[in-house]
Participant: 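First, the structure itself, so that you have it in front of you.
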Amino acid sequence: MDTRTTFYVTTPIYYVNDVPHIGHAYTTVAADVLARYWRLRGRDVWFLTGLDEHGQKVQQAAAKAGVDPQLHCDNLAPRFQALWTRLEISNDAFIRTTEPQHKTVVQRYLQVLFDNNLIYKDTYTGWYCTFDERFWTEKDVEQGLCPDCRRPVERLSEHNYFFRMGQYQDQLIHYINQHEEFIRPDSRRNEVLGFLNTQKLGDLSISRPKSRLSWGVELPFDKDYVAYVWFDALVNYLSALEYKLPAPSVQRYWPASLHLVGKDILTTHAVYWSTMLMALDLPLPHTIFAHGWWTVDGEKMSKSRGNVVDPNTVIDEFGADAFRYFLLREVPFGQDGDFSKAAMVSTSNSDLANGLGNLLSRTLTMVERFSGGTIPQVGAPALEALEERIATMARALPTEMTRGVESLAFRDNLLRLRELVALCDEYIDKSAPWNLARQAVDHPRLQTVLNTVARALRLLSVFYYPFMPKIAQRVVQQLGIPVDFSRPVPESTYAWDAPLGNVKINKGPALFPRIEPTRQGVKPVSESPASSQPGTAPAAMPVASTSPPPSAAPTHITIDEFAKIQLKTAKVLSAERVPKSEKLLKLHVSIGTEERQIVAGIGKKYEPDTLVGKTIVIVANLKPAKLMGIESQGMVLAAGDSEVRGLVTILEEVEPGTKVK
RNA sequence: CGCGGGGUGGAGCAGCCUGGUAGCUCGUUGGGCUCAUAACCCAAAGGUCGAAGGUUCAAAUCCUUCCCCCGCAACCA
C-alpha cells in the first residue's frame, strides 16, 4: 500500500477515435471511486484522465472527414468529457496529447534520452501493418497477414529511432520481484514476469517517419520524424503534472500511486513505461492495476456485433449512480464481467431500491410518524443482541472500507455495506418500532431503534459516497445531517459512537425507482418489415422514394453489370468437410462441361452427405481464391446473412451447367 | 492433436490449489409484519457437483479417458 499522504491516480488516456463504451466508463468510475474515497479521508488526491489524440487512425479519419486533425480531435473530445460529467467523474484534470505543453514535455524527455545515448537511429526492416501502426516480426506474420487485424502487411524498411529498452530487462525483472504491489493482480504480475523471463526484451522503436505519419509529436533531434504513439501517450502521466496544476507538481505527486489500465495494455505500461522511467531516472509508479473486460449478454463487445453498450443509454435508464454501483458491484475488480440489462435491473432493484433506498424510506417514515419528524436521541436498549451486532459491524467499517479500497476490492466493500443494510432491516423487523410506538413506556426503546438505524444510515452514506456521490448526498440531506462530501469528512462526524439526535429530517422522494423487469431473454428479434414505423400520416408517403429495404444495396446496377456475373446450375458430385475448419465444406460439382472444386462456408448448416446429388447454383466466373489452403473455383449461392439459412436450389430438373439469370 | 475459459439445486456464481457435514445471490413456495419503493423479516423446497474409470478410510476437490458449451485464432469467395 502506498502510504504517502498524496494519492495520484490515472486512467489510460483513451483513444479519441473510439466511441466511449462501458469499458471506458469502468476504468474511469473505478478511478473516481478511489479518488473520492481518499479525498473524503483527507488525502491529497490528484486524479487524471484524458485523451490520446495522435496517430495514424486519427490522421486518416480526419482526412476522410476532410477536416484538420486537430479540429477532428476537438470535435470528438467532448463526447468523453460530457460522459464523464454525466457519470459524476471528479477528475482533477483532463489531458489531451495534442496540447502544446504536453508536446513540449514529450520532446524534452526525448531529448534527454537522446543526449544520454539511450535513443539511437537504426534501420528497421519488417512487416508493417498500416492499420495497427506497427511492425510484426517474421514469425508473427501469417500468410502475409497481420496477426492482429488480418489485414495484409507490407515489407517495409525505414530508418527509425530506437529506445534502448532491452538493456533494462534484468533491472525490470528485479524491480518487479522486489515490489509485490507493482503489478496487480498477482495473475497479471506473473504474466508479465513470464513474458520477461522467457524472451529477450528488444529495443523499442519510438519514431515514425513524417512521410508516413505526420500527426504526432516531432522528435526534437530530427524533424523528419514524429514520436511513436506510445512514447507520446505514456508521458501524459508526467506531463500533466507539469502544466495542469497551478504550479509544477511532479515532486508532489510523482510517482503515481496507481495507474488503472485494462488488461490489454498492461504490457505497455508494465514494460515500456517502466523502462522509459528507468531511463529517465524517475521512480516507477507504485502500482499498475490491470482490470478485466466486459462482455455484453455473454458476448464480446464489438462494433460488428453491434452490441457496444453506450454508457449514456444506461445512465438514461438507470441513473449514473446505479450504473456506477453495478460496474463495481457485479464483478471482483480484475476479473472479466458480463453486462446485461437483466443483471443491471436485478442489482438495482435488490441492492439499491429494496436495500438502501427502502431502508431510508422506512426509517424516515417512522421518524415522521413516531417521532414527530425528528431523529430522537438514544433511549433504552431495544434489542441488545442485534444492537451489539450492528455496533460491532459499524465500528469495524471504516477500517474495513479502507482495507478494501487499498486492495481495490470494490465489490467486497459494497457487499459489506449491503450486509449492514440487511442487518438494519432485520433489526427493524424484530424490534417492531410500530409496536413500541403504542405505549409511552416503550418509547425509550423506540428512540434507540430509530436512532440506531439513523446512525447506520449516516455511516452508510459516507461509505457509499465514493460509489454513488449523488445518492449519498441525498441520504444525508433527507436525514437532515449536514455532511459536505466535497471536502474531507472527519471520522468524528460519522463514527458509530458519535452522537446523533434531535435532528429534523427532510423526507424526499425515493432514492431509486423500482424497475419492472421487462421480458428478458426474448430479444426483439424481428422488426416486422411491414409496419415498424412508429409513424403517422400514411397518406403522405412520397411516391418517388419507394426506398429499398435498409439491408439492400443502396445503388442500382445495370442489366449489363449483372450480365457479368455468370450463374450456373451445378450438380454436387461429392462433399466433404475441410479438416480443422468449422464451417467450410469442399464440394466437387459438375457444371456440364467441366468439374469445379468449390469451398463453401455452409458446414454449420449442412452435413456433406446430404448435399451430394443436389443441384445448386454457383457463380461460375468468380476469381478463384484459396481458403485454408484449398482452391475454390466459384461460389455457391445461399440465403442468409452472417449465418447460412439455406442453399439456392432449382425446383425442376435441369442439366448441370444451365445458365441462371 | 491451434490457444484459452468453463460444465455445481430453476438462473448466475463460490468452493477445487492445501481431499473429510455442498455454500452464496436471485428466483420459487409457505408463513410473519404493516414502518417502507408489492418492500422487509422468518422458514422451506430444490443439487447422483457433465460422464465413466482410478487413487484413497474418504473425491465437487487428486489422476486418466471421454462428452458438451463459450471465447480467441484459422477460414464464411
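Just so it is clear, the model here is predicted, and its values are computed rather than measured. The chains referred to below are lettered A, B, ... by the order of the sequence lines, with proteins before strands, and numbering in each begins at 1.
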Participant: For atom P, what is the distance between B/rG5 and B/rG47, given to the nearest Å?
Facilitator: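 To the nearest whole Å, 31 Å.
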
Participant: For A/A343, report the nucleic acid contact type (base, sugar-phosphate, nothing); a contact means any heavy atom under 4.0 Å.
Facilitator: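 No contact.
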
Participant: Does A/I428 or A/G601 map to a spot on RNA chain B nearer the 5' end, using the closest nucleotide for each?
Facilitator: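 Looking at RNA chain B, the more 5' nearest nucleotide goes with A/I428.
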
Participant: For atom P, what is the distance between B/rU8 and B/rC70, given to the nearest Å?
Facilitator: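 Here B/rU8 and B/rC70 have their P atoms 14 Å from each other.
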
Participant: As a test of your reading of the structure, name each stem of RNA chain B as range with range, where a stem is three or more consecutive Watson-Crick or G-U pairs at under 3.5 Å.
Facilitator: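 Stem segments, range with range: B:2-7 with B:67-72, B:10-13 with B:23-26, B:28-32 with B:40-44, B:50-54 with B:62-66.
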
Participant: Suppose you measure atom P in B/rA59 against the same atom in B/rA14; what distance do you get, rounded to whole Å?
Facilitator: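 Taking atom P in both B/rA59 and B/rA14, they lie 24 Å apart.
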
Participant: Indicate, with a heavy-atom threshold strictly under 4.0 Å, whether A/S361 touches base, sugar-phosphate, or nothing.
Facilitator: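 Base, at least one base atom sits under 4.0 Å.
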
Participant: Out of B/rC76, B/rC41, B/rU37, which nucleotide sits closest to the side chain of A/A510?
Facilitator: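 Looking only at heavy atoms from C-beta outward on A/A510, the closest nucleotide is B/rU37.
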
Participant: So which nucleotide from B/rC35, B/rC41, B/rC75 ends up closest to the side chain of A/M366?
Facilitator: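 The nucleotide sitting nearest to the side chain is B/rC35.
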
Participant: Would you indicate what A/L511 reaches in the nucleic acid, counting non-hydrogen atoms under 4.0 angstrom: base, sugar-phosphate, or nothing?
Facilitator: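 Contact class for A/L511: base.
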
Participant: For A/D336 and B/rC13, what is the distance between atoms CG and P respectively, to the nearest whole Å?
Facilitator: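 Rounding to the nearest Å, CG of A/D336 and P of B/rC13 are 12 Å apart.
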
Participant: To the nearest angstrom, how far is A/I602 atom CD1 from B/rC75 atom C1'?
Facilitator: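 These atoms are roughly 14 Å apart.
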
Participant: Could you name each residue pair satisfying side-chain hydrogen bond (donor to acceptor under 3.5 Å, both in side chains) that touches residues 321-330 of chain A, not counting sequence neighbours?
Facilitator: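 Residue pairs with at least one partner in residues 321-330 of chain A: A/D32-A/R324, A/Y325-A/D351, A/R329-A/D351.
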
Participant: Rounded to whole angstrom, note down the P distance from B/rC40 over to B/rU25.
Facilitator: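 Nearest-Å result for B/rC40 against B/rU25 at atom P: 13 Å.
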
Participant: May I have the distance from A/L637 (atom CG) to B/rC76 (atom P), rounded to whole angstrom?
Facilitator: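 Atom CG in A/L637 sits about 16 Å away from atom P in B/rC76.
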
Participant: Could you work out, with side chain to side chain contact (heavy atoms under 4.5 Å, CB included) as the rule, every residue matching A/V619, not counting sequence neighbours?
Facilitator: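 Residues passing side chain to side chain contact (heavy atoms under 4.5 Å, CB included) with A/V619: A/I565, A/L567, A/N621, A/L622, A/M635, A/L637.
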
Participant: Quick one: ring-ring contact (aromatic ring centres under 6.0 Å, His included) partners of A/Y465, sequence neighbours excluded?
Facilitator: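 A/Y465 satisfies ring-ring contact (aromatic ring centres under 6.0 Å, His included) with A/F485 once adjacent residues are dropped.
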
Participant: Return the value, rounded to whole Å, for the distance between atom CG of A/L386 and atom P of B/rC41.
Facilitator: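 Taking CG of A/L386 and P of B/rC41, I get 12 Å after rounding.
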
Participant: For the residue pair A/I22 and A/P311, what are the closest heavy atoms and their distance?
Facilitator: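 Scanning both residues, the minimum pair turns out to be N-CG, 3.9 Å.
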
Participant: Could you tell me how far B/rA73 sits from B/rU28 if I compare only their C1' atoms? Round to whole Å.
Facilitator: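 Per the computed distance, 43 Å lies between those C1' atoms.
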
Participant: By nearest nucleotide on RNA chain B, pick out whichever of A/K430 and A/L352 is the more 5' one.
Facilitator: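 On the 5' side of the pair lies A/L352.
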
Participant: What interatomic distance, in whole Å, is found between P of B/rU29 and the corresponding atom of B/rG71?
Facilitator: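 It works out to 34 Å between them.
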
Participant: Taking only residues two or more places apart in sequence, or in another chain, which ones meet A/F339 in a ring-ring contact (aromatic ring centres under 6.0 Å, His included)?
Facilitator: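 ring-ring contact (aromatic ring centres under 6.0 Å, His included) list for A/F339, sorted by chain: A/F326.
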
Participant: Separation of A/N358 atom CG from B/rC41 atom C1', in whole Å?
Facilitator: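 Checked: the CG to C1' distance equals 12 Å.
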
Participant: Who pairs with A/H21 by ring-ring contact (aromatic ring centres under 6.0 Å, His included), at least two apart in sequence or on another chain?
Facilitator: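 Partners of A/H21 by the ring-ring contact (aromatic ring centres under 6.0 Å, His included) criterion, ordered by chain and then number, come out as A/H24.
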
Participant: Using ring-ring contact (aromatic ring centres under 6.0 Å, His included) as the criterion, list what pairs up with A/F289, not counting sequence neighbours.
Facilitator: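 A/F289 satisfies ring-ring contact (aromatic ring centres under 6.0 Å, His included) with A/F333 once adjacent residues are dropped.
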
Participant: Contact class for A/V619 vs. all strands (heavy atom < 4.0 Å): base, sugar-phosphate, or nothing?
Facilitator: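 The residue A/V619 makes no contact with any strand.
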
Participant: Going by the ring-ring contact (aromatic ring centres under 6.0 Å, His included) test, which pairs reach into residues 348-376 of chain A, not counting sequence neighbours?
Facilitator: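 ring-ring contact (aromatic ring centres under 6.0 Å, His included) check on residues 348-376 of chain A returns no pairs.
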
Participant: Distances under 3.5 Å between protein N/O atoms and the N/O atoms of nucleotides 26-34 of chain B, please, pair by pair.
Facilitator:
residue : atom : partner : partner atom : Å
B/rG32  : N2   : A/D429  : OD2          : 3.1
B/rC33  : O2'  : A/W434  : NE1          : 3.4

Participant: What integer distance in Å separates A/K507:NZ from B/rC35:P?
Facilitator: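 After rounding, the reported distance stands at 13 Å.
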
Participant: Specify the residues of residues 320-331 of chain A, ordered by number, for which at least one heavy atom lies under 4.0 angstrom from an atom of RNA chain B.
Facilitator: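 Those residues: none at all.
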
Participant: Do the side chains of A/L327 and A/W294 get nearer than 4.5 Å, heavy atoms only?
Facilitator: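 Side chain of A/W294 against side chain of A/L327, heavy atoms only: contact under 4.5 Å found.
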
Participant: So, using side chain to side chain contact (heavy atoms under 4.5 Å, CB included) as the criterion, who are the partners of A/R369 when residues are at least two apart?
Facilitator: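 With sequence neighbours excluded, A/R369 shows a side chain to side chain contact (heavy atoms under 4.5 Å, CB included) to A/T365, given in chain and number order.
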
Participant: If only atom types and distance count, is the side chain of A/T569 paired as donor or acceptor with the main-chain N or O of A/T658 below 3.5 Å?
Facilitator: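 It does hold such a pair.
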
Participant: Taking atom C1' in both B/rC33 and B/rC41, what distance in whole Å separates the two?
Facilitator: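 B/rC33 and B/rC41 have their C1' atoms separated by 8 Å.
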
Participant: In whole angstrom, give the distance that lies between atom CG of A/L359 and atom P of B/rC40.
Facilitator: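 After rounding, the reported distance stands at 11 Å.
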
Participant: Quick one: side-chain hydrogen bond (donor to acceptor under 3.5 Å, both in side chains) pairs with a partner in residues 590-603 of chain A, sequence neighbours left out?
Facilitator: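 Non-adjacent pairs meeting side-chain hydrogen bond (donor to acceptor under 3.5 Å, both in side chains): A/E594-A/R596.
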
Participant: Quickly work out the A/Q335 CD to B/rG71 C1' distance and round it to whole Å.
Facilitator: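 Distance, rounded to whole Å: 16 Å.
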
Participant: Using the C1' atom as the reference point in each nucleotide, state the distance between B/rG6 and B/rG15 in Å, no decimals.
Facilitator: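 Result for the C1' pair: 15 Å, nearest Å.
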
Participant: I'd like to know if A/D425 and A/R362 make a salt bridge, using a cut-off of under 4.0 Å between side-chain N and carboxylate O.
Facilitator: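 Salt bridge between A/D425 and A/R362, a charged N being under 4.0 Å from a carboxylate O: yes.
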
